[in-house]
There are 2 protein chains.
Amino acid sequence: MPATLDFERMLRGAALRVTRPRLAVLAAVHEHAHADTDSIIRVVREDLGEVSHQAVYDVLRALTAASLVRSIAPQGSVARYEARVGDNHHHVVCRACGAIADVDCAVGDAPCLTASNDAGYTIDEAEVIYWGRCSECAATSPESSGG
Amino acid sequence: MPATLDFERMLRGAALRVTRPRLAVLAAVHEHAHADTDSIIRVVREDLGEVSHQAVYDVLRALTAASLVRSIAPQGSVARYEARVGDNHHHVVCRACGAIADVDCAVGDAPCLTASNDAGYTIDEAEVIYWGRCSECAATSPESSGG
DNA sequence: ACCACTATCTTGAATGAGTCAAGTTGAGGT
DNA sequence: ACCTCAACTTGACTCATTCAAGATAGTGGT
């Protein structure tokens, strides 16, 4: 886990001013992968006291634009954020409880960019979401097998 | 393009009552792939006159639950619907204009289900979204090359 | 064809993530 | 220390989607 000084360097490296809300949001995202905006707001407030939700929204957008964090939003979920950026990893989402876990790219470094026919598009990123059940939900709930 | 009778059969096959809103929504989704709810409401109303938005929402949910249509919702987009179900195809989304196109699975039939490590999840579906620019947007807008 | 049953539709209000706007504060440079 | 503008606060607002209650109309049986 990076320290405050590291976060400060990250911000300066992205030409962003170093403010306490930004440091706190950056720390929150690093500590709580896949947290939604609301959770991040709560964590930040535990850290700093009152901080406006607008500030957190702004910060998250700035950090996302600077590629310091990445946002994901599977169907039926609000926006979630994570600090793993720059690598080519994907996500598994549990249909039952909504839990999200990281998975590394199935095939290699960035071959996911290869679509069989690209419909004329210039593709720069492939986002993969695996759907299923986490081990806990698979154990507890009936799998409704066969129908 | 299937005819009304085909839609009727689809509904009965899914144990759903055959109503005009349902036939109209089913037709709209077949005719307008990747349309959002609002567009579908408009198309349905052109067809039937006044229909409540709630009815369309309900119908779309029922059809989705019955696997007669599929919903997709890339980041920053509202829910969109398509009638291609049961095959293993994915989508390209244009970052500039939001256009969506179908792409067939990159690797084969359903190998997308193979994650390198599944984090203990039981995976049943892989959803892939390719991000890039459609040919039109790639031609008109500067590619902001190099950063 | 008619009836009963209830799934489906209508109407209207509510929810909630996210955005917009105007004014204040504070980080960073001189 | 002072200035400037990015960043924060406050508070209102948007709009896709959902909730709830009552009216309507498919469907199966007679």
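Labels below follow one simple rule: chain letters A, B, ... track the order of the sequence lines, proteins then strands, and each chain is numbered from 1.
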Colleague: Using the ring pair (Phe, Tyr, Trp, His ring centres under 6.0 Å) rule, collect all pairs that involve residues 5-25 of chain A, keeping only residues at least two apart or in two chains.
Modeller: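 Matches after skipping sequence neighbours: A/Phe7-A/His30.
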Colleague: Hydrophobic clusters here meaning ILVMFWY residues chained together by side-chain heavy-atom distances under 4.5 Å, can you tell me if A/Ile72 and A/Trp131 are in one?
Modeller: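 Yes; A/Trp131 is reachable from A/Ile72 via cluster members.
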Colleague: With the side chain of B/Val18 defined as its heavy atoms from C-beta on, choose the nearest nucleotide among C/dG28, D/dT10, D/dT27.
Modeller: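 For B/Val18, the side-chain atoms sit closest to D/dT27.
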Colleague: Looking across every strand, which nucleic acid part, if any, lies under 4.0 Å from B/Arg20 by heavy atom: base, sugar-phosphate, or nothing?
Modeller: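 The answer is nothing, as B/Arg20 stays clear of every strand by at least 4.0 Å.
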Colleague: Residues from residues 24-36 of chain A sitting under 4.0 Å of DNA chain D, heavy atoms only?
Modeller: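 The answer is none.
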Colleague: Could you check whether any side-chain heavy atom of A/His32 comes within less than 4.5 Å of a side-chain heavy atom of A/Val43, counting everything from C-beta outward?
Modeller: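 The answer is yes, as the side chains (C-beta and beyond) meet within the 4.5 Å cut-off.
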Colleague: Applying side chain to side chain contact (heavy atoms under 4.5 Å, CB included), name anything that partners A/Thr64, two or more places apart in sequence or on another chain.
Modeller: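 Listed in chain order: A/Val69, A/Tyr81.
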Colleague: Rest of the hydrophobic cluster containing A/Leu5 (Ile/Leu/Val/Met/Phe/Trp/Tyr, side-chain heavy atoms under 4.5 Å)?
Modeller: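 Members besides A/Leu5: none; it forms no cluster.
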Colleague: Kindly compute the distance separating CD1 (A/Ile41) from CD (A/Glu50), expressed to the nearest 0.5 Å.
Modeller: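 Output value for this atom pair is 9.5 Å.
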Colleague: Check the distance between C/dG26's P and A/Leu23's CG and give it to me in whole angstrom.
Modeller: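 Whole-Å distance recorded here is 16 Å.
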Colleague: Show the distances under 3.5 angstrom between N or O atoms of the protein and N or O atoms of nucleotides 28-30 of chain D.
Modeller:
none

Colleague: Listed in order of residue number, which residues of residues 73-83 of chain A have a non-hydrogen atom at under 4.0 Å from DNA chain C?
Modeller: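 Only A/Val78, A/Ala79 qualify.
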Colleague: Under 3.5 Å, which protein N or O atoms sit close to an N or O of nucleotides 21-24 of chain D? Give each pair with its distance.
Modeller:
none

Colleague: Hey, could you give me each pair passing salt bridge (Lys or Arg N to Asp or Glu O under 4.0 Å) that has a residue in residues 73-97 of chain B? Not counting sequence neighbours.
Modeller: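 Output for this query lists A/Asp124-B/Arg95, A/Glu125-B/Arg95, B/Arg70-B/Glu82, B/Arg84-B/Asp87, B/Arg84-B/Asp102, B/Arg84-B/Asp104.
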Colleague: Is it true that a side-chain atom of A/Ser39 and a backbone atom of A/Ala35 form a donor plus acceptor pair closer than 3.5 Å?
Modeller: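 No: the side chain of A/Ser39 does not pair with the backbone of A/Ala35.
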Colleague: Of all residues at least two apart in sequence or in a different chain, which pass the side chain to side chain contact (heavy atoms under 4.5 Å, CB included) check with A/Val18?
Modeller: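 In terms of side chain to side chain contact (heavy atoms under 4.5 Å, CB included), with neighbours along the sequence ignored, A/Val18 is linked to A/Glu8, A/Leu11, A/Arg12, A/Leu23.
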Colleague: D/dA16 C1' sits how many Å from B/Leu60 CG, rounded?
Modeller: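 Rounded to the whole Å, the gap is 13 Å.
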Colleague: Within this structure, what is the NE2-OG distance for the pair B/His34 and B/Ser77, rounded to the nearest 0.5 Å?
Modeller: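 Taking NE2 in B/His34 and OG in B/Ser77, the distance rounds to 11.0 Å.
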Colleague: Same cluster or not: A/Leu48 versus A/Leu63, using hydrophobic residues (I, L, V, M, F, W, Y) connected whenever any side-chain heavy atoms lie under 4.5 Å apart?
Modeller: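 In one cluster: yes.
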Colleague: Nearest-Å distance, CG (A/Leu11) to P (C/dG26)?
Modeller: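 My rounded result for the distance is 18 Å.
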Colleague: Taking atom P of C/dA17 as reference, at what distance in whole Å does atom CD1 of A/Ile40 sit?
Modeller: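 Computing the A/Ile40:CD1 to C/dA17:P distance gives 13 Å.
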Colleague: Is a side-chain donor or acceptor of A/Arg133 paired with a backbone partner of B/Thr122 at a separation under 3.5 angstrom?
Modeller: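 No, the answer is negative, given that no donor and acceptor are paired below the 3.5 Å cut-off.
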Colleague: Establish whether B/Ile123 and A/Val128 are linked, either directly or via other cluster members, by ILVMFWY side-chain heavy-atom contacts under 4.5 Å.
Modeller: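 Same cluster: B/Ile123 reaches A/Val128 through Ile, Leu, Val, Met, Phe, Trp or Tyr contacts under 4.5 Å.
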Colleague: Measuring only between side-chain heavy atoms, which start at C-beta, is B/Leu60 closer than 4.5 Å to B/Ile40?
Modeller: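 A side-chain contact under 4.5 Å exists here.
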Colleague: Sugar-phosphate atoms are those with a prime plus P, OP1 and OP2; base atoms are the rest. Using that split, label each nucleotide of nucleotides 1-7 of chain D B, S or - for protein heavy atoms under 4.0 Å, 5' to 3'.
Modeller: ----BBS
Colleague: Identify each atom pair where a protein N or O and an N or O of nucleotides 11-13 of chain D are less than 3.5 Å apart, giving names and distance.
Modeller:
none

Colleague: Less than 4.5 Å apart, side chain to side chain, heavy atoms only: is that true for B/Val93 and B/Pro74?
Modeller: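 Contact flag for B/Val93/B/Pro74 side chains = yes.
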Colleague: Suppose we screen for side chain to side chain contact (heavy atoms under 4.5 Å, CB included). Which residues come up paired with B/Ala14, at least two apart in sequence or across chains?
Modeller: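 So B/Ala14 forms a side chain to side chain contact (heavy atoms under 4.5 Å, CB included) with B/Leu16, B/Ala66, B/Leu68.
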Colleague: Decide yes or no for A/Glu127 and A/His91: does some side-chain heavy atom of the first lie under 4.5 Å from some side-chain heavy atom of the second?
Modeller: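 With C-beta onward as the side chain, the pair stays apart.
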Colleague: To the closest 0.5 Å, what do you measure between CD1 (B/Ile129) and CD1 (B/Ile100)?
Modeller: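 It comes to 7.5 Å.
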Colleague: Nearest-Å distance, CD1 (B/Ile41) to C1' (D/dT17)?
Modeller: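 Rounded to the whole Å, the gap is 10 Å.
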Colleague: Picking from B/Ser135, B/Cys137, B/Cys94, what satisfies side chain to side chain contact (heavy atoms under 4.5 Å, CB included) with A/Tyr121?
Modeller: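 For A/Tyr121, the side chain to side chain contact (heavy atoms under 4.5 Å, CB included) test succeeds with only one of B/Ser135, B/Cys137, B/Cys94, which is B/Cys94.
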Colleague: How close or far is atom P of C/dC9 from atom CZ of B/Arg45, stated in whole angstroms?
Modeller: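 After rounding, the reported distance stands at 14 Å.
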Colleague: Figure out the CG/P separation between B/Asp38 and D/dT14, and round it to whole Å.
Modeller: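 Value for this atom pair: 16 Å.
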Colleague: Taking the side chain of A/Arg61 as its heavy atoms from C-beta onward, which of C/dC9, C/dT19, D/dC8 lies nearest to it?
Modeller: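 Selected nucleotide (nearest to the side chain): C/dT19.
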